[in-house]
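Working notes, structure below.
Numbers restart at 1 for each chain; the letters A, B, ... are given by sequence-line order, proteins then strands. Since the model is a prediction, treat every value here as computed from it, not as a measurement.
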Amino acid sequence: MIDLKVLREDPDTVRASQRARGEDPATVDTLLSADERRRSVISRADTLRSEQKQFGKQVGKARGEERDALLAKGKELAAGVKAAEAEQAEADQVLEDAHRALPNLVDPAAPVGGEDDFVVLEHVGTPRTFDFTPLDHLDLGVKLGILDMERGAKVSGSRFYFLTGVGAQLQLALLNMAAAQATAAGFTLMIPPVLVRPEIMAGTGFLGAHAGEIYRLRDDDLYLVGTSEVALAGYHADEILDLSAGPRRYAGWSSCFRREAGSYGKDTRGIIRVHQFDKIEMFSYCKPEDATAEHQRLLAWEKEMLAKIEVPYRVIDTATGDLGTSAARKFDCEAWVPTQEAYRELTSTSNCTTFQARRLSIRYRDDNGKPQVAATLNGTLATTRWIVAILENHQQADGSVTVPEALRPFLGLDTIRPAV
RNA sequence: GGAGGUGUGGCAGAGCGGCCGAAUGCAUCCGCCUUGAAAGCGGAAGACGGGCAACCGUCCGGGGGUUCAAAUCCCUCCACCUCCGCCA
């Protein structure tokens, strides 16, 4: 949720933000009028309640006839209060619905436009030229005996897979390397629940426009997380944090589940786009004034990880129309995938400013000891998809794959060779 | 799955349907005392909403109900604890 103070004082900024996202600016006016109505309804209900409260005290002291008369009057007041409270509850609900429906304010620095209007911030590394025809990651994975999509489909359906043998080890090595980097950088490593309550899922902003992406267990009223961001954001819900020593940083290791509704036919080969994968996710809680700097730090940690797997990549500043509901700004790192001759997203870091924290009631004490809404940010450190970039970029003419230097201690292999 | 119990402020822990935003202890902060500290004494101190403000309202796990009036009575949901059963 956005700050209602901003809305009241500067509705044009909010409207502009909506337009930049390609969404309806009229929702801003819906919210404004809901806010005004709620305030007037509240002040009326408060007055009536106050009267009734004062009056009720007299009843307790009165005796006999006088008491009976007071009781009758009391009933009248109670009816009035009840009606006013019902109106207040309704106005509250209308406001909350409108408030939750509005996505975060975009950062003015983010490029305005749709999916293709991103700005490339930098290129790191150069795509390699092959003196043989490179295989794609699925062919490589099958030849190496480390990836089995067919049986994945047999057991669970399309977009499911088995990582087998060295493939499973490779993923563990990658995630362990990420966990080690995060721990060394001061993150608290977390293994969170992957099933969460509706209010937590809603709090992170995933139940709005993209609700169809999420697995839901109706019998238990729980959701499978699409990223551990969800659980890590919920971790400090309804708390007042001490941020005086700087941001609180967590690294979540979890499986992630995505329905990939509406992506039929897209990336159907291999493990680029799957229903279940594993990820190490960075998550920061910080003061709002530190959020922009923290965002740069998260990006730097992502680049540090990417350097370790030695693949060429570019960093993009995502356009406003392609931001998630909660994000004010988002940087993606996209690795070069030789067989697609394209850059594909490996990491994504979002600055959610106070949007998620306001929904989840996550606060901190400012220098005056006053509770204030915190800011939250997240970013990817490693995922199953990284295996695609590692295999394709490091493949050799003989069908083997050279393991990047930094990964070797974690995998215990220099080279992944075809199973004999 | 069945039976029972518990849920109050940062923590512990009282609380008769009205005098309860809530005793008390610990912790915290500010004074006094002290060379300094501890102890002792005195005082302050919750969150949220509305209002320029004075101030008003809400909040005793969540939601609903009874009542003129609910932390207190009723229903329901959730969490935790104990016992039984089941599964591993």
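B:rA79 sits 26 Å from B:rC20 when the C1' atoms are compared, rounded to a whole Å. Comparing the P positions of B:rC60 and B:rC87 gives a spacing of 43 Å, expressed to the nearest Å. The C1' atoms of B:rG15 and B:rA23 are separated by 8 Å, rounded to the nearest whole Å.
Of the residues listed (A:Leu323, A:Asp332, A:Thr318, A:Asn378), the one engaging A:Ser350 in a side-chain contact (heavy atoms from CB on, under 4.5 Å) is A:Asn378, and it is the only one.
The CD-P distance, from A:Glu96 to B:rG49, rounds to 13 Å in whole Å. Between the P atom of B:rA79 and the CG atom of A:Asp238 lies a distance of 16 Å, rounded to the nearest Å.
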**OP:** Treat primed atoms plus P, OP1 and OP2 as sugar-phosphate and everything else as base, then score nucleotides 51-66 of chain B 5' to 3': B for base contact with protein heavy atoms under 4.0 Å, S for sugar-phosphate contact only, - for none.
**Re:** S----SSS-------S
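Residue pairs meeting the salt bridge (Lys or Arg N to Asp or Glu O under 4.0 Å) criterion with at least one partner in residues 232-259 of chain A, sequence neighbours excluded, are A:Arg249-A:Glu294. The ring-ring contact (aromatic ring centres under 6.0 Å, His included) contacts involving residues 165-197 of chain A comprise A:Phe187-A:Trp301, where partners must be two or more places apart or lie in separate chains. Residue pairs meeting the ring-ring contact (aromatic ring centres under 6.0 Å, His included) criterion with at least one partner in residues 352-386 of chain A, sequence neighbours excluded, are absent. Counting only residues at least two apart or in different chains, salt bridge (Lys or Arg N to Asp or Glu O under 4.0 Å) contacts with residues 16-36 of chain A comprise A:Arg8-A:Asp35, A:Arg15-A:Asp29, A:Asp35-A:Arg39. Applying the salt bridge (Lys or Arg N to Asp or Glu O under 4.0 Å) definition to pairs two or more places apart or across chains, those involving residues 400-409 of chain A are A:Glu405-A:Arg408. Residue pairs meeting the ring-ring contact (aromatic ring centres under 6.0 Å, His included) criterion with at least one partner in residues 217-237 of chain A, sequence neighbours excluded, are A:Tyr235-A:Tyr250, A:His236-A:Tyr250, A:His236-A:Tyr285.
A:Ser254 meets the side-chain hydrogen bond (donor to acceptor under 3.5 Å, both in side chains) test with no other residue; sequence neighbours excluded.
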Subject >> Canonical and wobble pairing (Watson-Crick, G-U, under 3.5 Å) of RNA chain B, dot-bracket with | >> reply: ((((((((.[[[..)..(.....]]].(((((.......))))).(((((....))))).[[[[[..)....]]]]])))))))....
